[in-house]
Amino acid sequence: MGWTKTAGRRHDRRGLRYASDCTDGEWAIIAPFLAPTTKVGRPRLHRARDVWNAIQYLAATGCQWAQLPRDFPPFTTVQYHFYRMRDSGLLDTINAVLAAGVRVAEGREVEPTAGIIDSQSVKTTEAGGPRGYDAGKRIKGRKRHIATDTAGNLLDALVHPADIQDRDGAPSLIERCRDAYPSLVRFFADGGYAGEKLRNAIAHLNPLAIEIVKRSDAHRFVVLPRRWLVERAITWLNRCRRLAKDWEASVASAEAWLVIASIRRMTRRLAKL
């Protein structure tokens, strides 16, 4: 469906301070996760909503920490909360709950039974950290491995140097997905995951099958079953300019921004549903 006037009005965010800010409906979804969990310690000086909006601004615009506009809390405060959410696993929890919520709202079962896996190689910067050269894509940097359900909702993400082949990086991601979603019994993938090496690496995850969706021989554009869903998910995530390159010095932060981009999309989806 094209971008109609009706769709434009539905997605219009010009009434907000910044287009990346949460609406009241979106904040109602996120707020329970960011509520204080203890009564000890110093009281907060800044509203949780302002901190979350600052993180959303960083994800959407890709600006540097120190370039955060002054009407947000100090960037060091936002950094503190970002690292706390990253290291405590809170971001992963939010993503998992929202994925289940979107599935239920769309009339699906809570737990997925099938997933789709794919990777994207991106350039890194002078920030440092692990990196490698992907000879196939001719990119020096890192590889983002993501797994989604059959609706395109992010289940998990793994970042590693780009010189690691897809079939070598996939087992760790598949094991993490299976630990979080024991209901998974099948993964769809492209030809880069074909072969006995991957099948042997995940043979202990029984029952779990890898189904390779082969490229079409037709010399024209063809929508490949299942594979297009994970490609669309990568496009959704890349709407956040923070992901235009891998700017992070640590792999943990690179994975966290992928999850934040996923939370951003699913929060907006749930608020509209």
- prompt: If we only count heavy atoms from C-beta on, is the Leu198 to Pro171 side-chain gap below 4.5 Å?
  reply: yes
message: With clusters defined by side-chain heavy atoms of hydrophobic residues (ILVMFWY) lying less than 4.5 Å apart, directly or transitively, does Ile117 cluster with Ile234?
response: no
message: Is any side-chain heavy atom of Lys245 closer than 4.5 Å to one of Val122?
response: no
field: Ser183 (side chain) donor-acceptor with Pro112 (main chain) under 3.5 angstrom
entry: yes
- prompt: How many angstroms lie between CG in Asp163 and OH in Tyr133, if you round to the nearest 0.5 Å?
  reply: 11.5 Å
query: Ile263 versus Ile30: any side-chain heavy-atom pair under 4.5 Å?
result: yes
- prompt: For the hydrophobic clusters of this structure (ILVMFWY residues joined by side-chain heavy atoms under 4.5 Å, transitively), does one cluster hold both Ile212 and Ile146?
  reply: no
field: Contact check, side chains of Pro130 and Arg142, non-hydrogen atoms, under 4.5 Å
entry: yes
query: If you count the non-hydrogen atoms of other residues, nucleotides and ligands that lie under 6.0 Å from OH in Tyr80, is the total more than 12?
result: no
- request: Side-chain contact test, heavy atoms from C-beta onward, threshold under 4.5 Å: evaluate it for Trp236 versus Leu154 and give yes or no.
  value: no
message: Does atom CZ (Arg138) have a neighbourhood of more than 12 heavy atoms from anything else shown, all under 6.0 Å?
response: no
query: Can you name the nearest heavy-atom pair linking Ala271 to Ile29, along with the distance?
result: N-CD1, 3.7 Å
message: Under a 4.0 Å threshold between the charged nitrogen and the carboxylate oxygen, would Asp21 count as salt-bridged to Arg49?
response: no
message: Within this structure, what is the CE-CD distance for the pair Met266 and Glu26, rounded to the nearest 0.5 Å?
response: 13.0 Å
- prompt: How many angstroms lie between CZ in Phe187 and CG in Leu208, if you round to the nearest 0.5 Å?
  reply: 6.5 Å
query: Regarding Arg17 and the six-membered ring of Phe72, is the cationic atom NZ or CZ under 6.0 Å from the ring centre and inside 45° of its axis?
result: yes
query: Does any non-hydrogen side-chain atom of Lys143 lie less than 4.5 Å from one of Ile164?
result: no
statement: Result for ring-ring contact (aromatic ring centres under 6.0 Å, His included) between Trp65 and one of Phe75, Trp247, Phe82 points to Phe82
- prompt: Out of curiosity, Arg264 CZ to Ser20 OG, how far, rounded to the nearest 0.5 Å?
  reply: 7.5 Å
- line: In terms of heavy-atom contacts, Arg131 and Thr125 come closest through NH2-O, 2.9 Å
task: State whether the side chain of Arg232 and the backbone N or O of Ala151 hold a donor-acceptor pair below 3.5 Å, judged by distance alone.
output: yes
field: Beyond-backbone contact of Ile94 with Leu90, side-chain heavy atoms, under 4.5 angstrom
entry: yes
message: Donor-acceptor check, side chain of Arg186 to backbone of Ala209, threshold 3.5 angstrom: yes or no?
response: no
query: Does the side chain to side chain contact (heavy atoms under 4.5 Å, CB included) test come out yes or no for Asp168 and His160, once each step is laid out?
result: CA-CA 11 Å; Asp168 295 324; His160 53 71; over 6 Å; no
query: Testing Thr61, Asn53, Asp71 for side chain to side chain donor-acceptor pair (under 3.5 Å) with Tyr18, which one passes?
result: Asp71
- request: Of all the heavy-atom pairs spanning Val159 and Val251, show the shortest one and how long it is.
  value: O-CG1, 3.2 Å
query: Do Ile260 and Met85 touch side chain to side chain, with heavy atoms closer than 4.5 Å?
result: no
message: Are more than 12 heavy atoms, taken from residues, nucleotides or ligands other than Arg241, located less than 6.0 Å from that residue's CZ atom?
response: no
message: If hydrophobic clusters are built from ILVMFWY residues whose side chains come within less than 4.5 Å, do Leu243 and Ile139 share one?
response: no
field: Closest non-hydrogen atom pair between Leu270 and Ala105, with its separation
entry: CD2-CB, 4.3 Å
query: So which heavy atom on Gly152 is nearest to which on Arg265, and how close?
result: O-NH2, 4.1 Å
query: Would you say Thr93's side chain and Gly89's backbone share a donor-acceptor pair under 3.5 angstrom?
result: yes
- request: Apply the test side chain to side chain contact (heavy atoms under 4.5 Å, CB included) to residues Val78 and Leu58: give CA-CA distance (whole Å), side-chain angles for both, the deciding distance (0.1 Å), then the verdict.
  value: CA-CA 10 Å; Val78 179; Leu58 288 161; 4.2 Å; yes
- prompt: Has the side chain of Ser262 got a donor or acceptor atom that lies under 3.5 Å from a matching backbone atom of Leu258?
  reply: no
message: Are Ile116 and Val213 connected into the same hydrophobic cluster when the rule is that any two of I, L, V, M, F, W, Y join if their side-chain heavy atoms are below 4.5 Å apart?
response: yes
field: Distance-minimising heavy-atom pair for Gly115 and Leu184
entry: N-CD2, 3.9 Å
message: For the OG atom of Ser119 and the CZ atom of Arg167, what is their distance to the nearest 0.5 Å?
response: 11.0 Å
message: Determine whether Ile210 and Ile174 satisfy the following criterion, side chain to side chain contact (heavy atoms under 4.5 Å, CB included), listing intermediate values before the conclusion.
response: CA-CA 10 Å; Ile210 298 292; Ile174 292 174; 3.9 Å; yes
message: If you take the centroid of each ring, where Trp contributes its six-membered ring, are Phe33 and Trp52 closer together than 6.0 Å?
response: no
Working for side chain to side chain contact (heavy atoms under 4.5 Å, CB included), residues Arg108 and Thr150: CA-CA 10 Å; Arg108 299 171 181 265; Thr150 52; 3.5 Å; yes
message: Nearest 0.5 angstrom please: Asp50 CG to Tyr57 OH, how far?
response: 14.5 Å
- prompt: Is there a path from Val230 to Leu155 through hydrophobic residues (I, L, V, M, F, W, Y) whose side chains come within less than 4.5 Å of each other?
  reply: no
